[in-house]
Amino acid sequence: MTDINSKSFKRYTVTSALPYANGPIHIGHLAGVYIPADIYVRFLRANRRDVLFIGGSDEHGVPITIRARKEGITPQQVVDKYHEIIKQSFIELGISFDIYSRTSAPIHHETASEFFRKLYDNNQFIEIVSEQYYDEEAKHFLADRYITGTCPRCGNERAYGDQCESCGSTLNATDLINPKSALSGNIPVMKETKHWFLPLDEYETWLKEWILVSHRDDWKTNVYGQCKSWLDSGLQPRAVTRDLDWGVNVPVEGAEGKVLYVWFDAPIGYISATRDWSSQTGKDWVPYWKSEDTKLVHFIGKDNIVFHCIIFPAMLKAEGTYILPDNVPANEFLNLEGDKISTSRNWAVWLHEYLVDFPGKQDVLRYTLAANAPETKDNDFTWKDFQTRNNSELLAIFGNFVNRTLVLTHKYFGGEVPAMGEVNDIDRQAMTEIIEYPARIAASIENYRFREALNEMMNLARLGNKYLTETEPWKNFASNPERVKTNLNISLQICANLSILCEPFLPFTSARLLEMLNASLEPWSEAGSCTLLQPGHKLNTPAFLFDRIEDEPIAAQVKRLTDTKAENAAENAVVTPQKPEITYDDFTKLDLRIATIVEAEKVAKTNKLLKLTLETGMDTRVVVSGIAEHYSPEQIIGQQVVLLANLAPRSLKGIESKGMILMAENDEGKLCFVSPSEAFGNGNEVR
Ligand SMILES: [Zn+2]
């Protein structure tokens, strides 16, 4: 366990992954990165640490240029739109950045450019000339995404130069059959182009020592494991530039039409955001990145581990004047209702929509996501769980305790904090426990175990409820008002402690609670005390901290997701190609009849088969049908069906089956009957 006071760090630089300004923020981003980061920095501030919390939008890269082309606007217009949405929604959720900057800002172009130039001047890059697809009409080298063609694996004619979305294969642009430029539609030609590479292989020995030895004990096992597997499989030189006209220009003569690769420019965005902060506040940015007594922590999702643990440190090492991250507490992924969150499939809960749908309930989302943070493995968000977390935890435990305490204080003592009198064993026990909470929660947060920390905070509210239940002040006021004074004093001290200890997790709740207590936020070091509120201190009128969330808004959210799923299924429906042509004579050979199921039973020792007895108008006969996984026998008695009557009989599990019932089947293999749209006579022909 690390102790915050035993280390010699003078200041903290805390970064959170720069969201890509190609779409809004969803709950997966929040649970993986921004909620944990915000808990951490709020905790540090409560401990009066010098901390700088960095955020910003990542605004370069090919996907943004593709979206711009699709929508007929400029890349700058794309990033302006999403930067604003993202920034606003973060502010409303209380993510307490000291600066939320962006990589299209001039200060970033300047910083990234200088960074590149220093490495270039110190001969830290290698130059490699290779052949790449080039569009002669558009006079442009083509990024993989700008080339389409036929997939060599599955024949899909609209595969991209990096991937076929039909069969999921990862491709190289040169794999495509009949490649075409997405810019002009022309056939691209191969042309030589020069790029600069960071020779990561030269940093392998150093990285192995730094990560695998020095950080064996303090980095999370998921992070350490991923790094180890990258390092064990050997590092290759990696291109830091590419041919594109959107990004930071390569500051070298003869590099026109080339920009810094987005993976190289984005992490430098943390540094330029710090400089942006410096120019706005007049404070010096240098110590936050260059003093050995600064603790640098990167909050990211697991898809970014290689960039923050291997590549960015190699860049910083190459530059030579920067500190390296002390920790990279990356999280796994959050799923939504059991499925992977997907921006393109719209399978997500979008933050800006949540804030509209659930006004004033920022802390409910913060709480649910912190409680479900995918710290050690992928985790799941469900709306049902969200409702339960609110109703059974925040409202029933935290809100209820605070409300009972404040209402009773107003009822018995006119809203003034009563003095503590003689204490008995129950009181003493409660006070002993209160003292322990701040250190316990702190230890969990310092070790990046935010779920555990949150649960400990709630345990203090649980302690409050238990204390009220054991002492029952509402029963004792008439007979023993002195006892009640002590009980409510201690309960109020727990409320005051909660206002400090819940603040990193639930800042809006903390502020409302402080308003009711008529108090201001005290530092973490004051928590644990039972003298936070002085006798005679006047409280404000109590209000509810949390409202019950009814079934209706939850059902509306679930319906939205169900609708999305149906839309996606319709869009992605795979239609089997038509079969070879047949003649009319071929068709007339089929004897199709209306029939009615009169008896049905499962065929023993099979999962799929039902034995059906049919009235066909011509006879009563038995047909064995593979529908048992879709229909129960009792469900289908009386069902009218279409029967292929003249199919040669065959024996299934020892039962002779005479004919076949027509069924429709969807993409997921679900079966349903094909039947006349109104009741028809058995034996009527279908033709
Ligand atoms: Zn394919």
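Counting convention: from 1, in listed order, for ligands and their atoms alike. These values consider heavy atoms only, across backbone and side chains, with no hydrogens, waters or symmetry-generated copies. Quick caveat: nothing in here was measured; it's all calculated off a predicted structure.
For the pair Lys340 and Trp347, the cation-pi test (distance below 6.0 Å, angle within 45°) is failed.
Contact between Ser272 and His108 at its shortest, heavy atoms only, is OG-ND1, 2.6 Å.
Neighbouring protein atoms of the Zn ion (ligand 1) (N, O or S, distance under 2.8 Å, waters ignored): Cys151 SG, Cys154 SG, Cys164 SG, Cys167 SG.
Salt-bridge annotation for Asp339 and Arg345: absent, with no side-chain N of the basic residue lying under 4.0 Å from a carboxylate O of the acidic one.
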Please output the side-chain donor-acceptor pairs of residues 26-34 that fall under 3.5 Å, not counting sequence neighbours, one pair per line with the distance.
residue	atom	partner	partner atom	Å
His26	ND1	Gly28	N	3.0
His26	ND1	His29	N	3.4
His26	NE2	His29	NE2	3.4
His29	ND1	His26	N	3.0
Tyr34	OH	Ala17	O	2.4

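Taking the side-chain hydrogen bond (donor to acceptor under 3.5 Å, both in side chains) definition, one finds that Ser625 meets it with nothing, sequence neighbours left out. Under the side-chain hydrogen bond (donor to acceptor under 3.5 Å, both in side chains) criterion, Lys81 pairs with no residue, sequence neighbours left out.
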